[in-house]
Amino acid sequence: MRNKILYTGLNYPQVKEFCGDMVLAPYFCMGFSMLSLMTADGFVNVNEGDTICRDEKGNFYVETI
């Protein structure tokens, strides 16, 4: 089972498959794509180049570049 995925800005279908209903569709701002991801701490932004991680309990968090 994968526990990380890099968000490239072009791979939303794969990110959606990985995160399910915990991720909102991408939106574009000043030429960049961003997502919103539900974590244990609430919604966080995911920017292009960030890595979405899932811990052993199934909780999501983001590693930024």
Side-chain angles (χ1 to χ4, degrees):
M1 176 189 221
R2 267 184 322 177
N3 59 5
K4 292 184 178 186
I5 188 168
L6 176 69
Y7 178 56
T8 65
L10 301 173
N11 63 336
Y12 177 70
Q14 292 83 8
V15 170
K16 178 69 175 169
E17 181 180 325
F18 180 73
C19 299
D21 291 337
M22 301 304 274
V23 68
L24 300 178
Y27 50 96
F28 300 92
C29 179
M30 298 190 320
F32 294 96
S33 173
M34 300 186 318
L35 301 170
S36 291
L37 176 70
M38 177 57 93
T39 68
D41 297 323
F43 279 103
V44 297
N45 288 331
V46 180
N47 298 300
E48 292 178 19
D50 290 348
T51 301
I52 300 170
C53 306
R54 182 174 46 212
D55 67 18
E56 61 279 347
K57 294 181 182 178
N59 297 313
F60 291 100
Y61 62 96
V62 178
E63 293 178 348
T64 60
I65 55 173

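Just the heavy atoms: all of them, side chains too, but no hydrogens, waters or symmetry mates, feed the values below.
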| said: Suppose the criterion is ring pair (Phe, Tyr, Trp, His ring centres under 6.0 Å): which pairs have a residue in residues 11-60, not counting sequence neighbours? | reply: Phe18-Phe60
| Which ILVMFWY residues can you reach from Tyr61 by hopping between side chains whose heavy atoms are under 4.5 Å apart? | none
| Under 4.5 Å side-chain linkage, directly or through intermediates, the cluster mates of Met30 | none
| field | Shortest non-hydrogen separation from Cys29 to Met34 and the atoms involved | value | CB-CE, 4.4 Å
| query | Nearest heavy-atom pair of Cys19 and Ile52: which atoms, and what distance? | reply | SG-CG2, 3.8 Å
| task | Name all residues meeting the side chain to side chain contact (heavy atoms under 4.5 Å, CB included) criterion together with Val44; count only those two or more places apart in sequence or in a different chain, and write none if there are none. | result | Leu37, Thr39, Val62
| request: Report the residues that fulfil side chain to side chain contact (heavy atoms under 4.5 Å, CB included) with Thr8, sequence neighbours left out, ordered by chain and then residue number. | output: Leu6, Leu10, Asn11
| task | Could you list the residues that satisfy salt bridge (Lys or Arg N to Asp or Glu O under 4.0 Å) with Asp55, not counting sequence neighbours? | result | none
| said: My understanding is that only residues two or more places apart in sequence, or in another chain, count here; which of them pass salt bridge (Lys or Arg N to Asp or Glu O under 4.0 Å) with Lys4? | reply: Glu63
| query | Under the side chain to side chain contact (heavy atoms under 4.5 Å, CB included) criterion, do Ser36 and Asn45 qualify, and how do the steps go? | reply | CA-CA 5 Å; Ser36 291; Asn45 288 331; 3.9 Å; yes
| For residues 17-29, which residue pairs qualify under salt bridge (Lys or Arg N to Asp or Glu O under 4.0 Å), counting only residues two or more places apart or in two chains? | Lys16-Asp21
| salt bridge (Lys or Arg N to Asp or Glu O under 4.0 Å) partners of residues 30-41, not counting sequence neighbours, each pair once | none
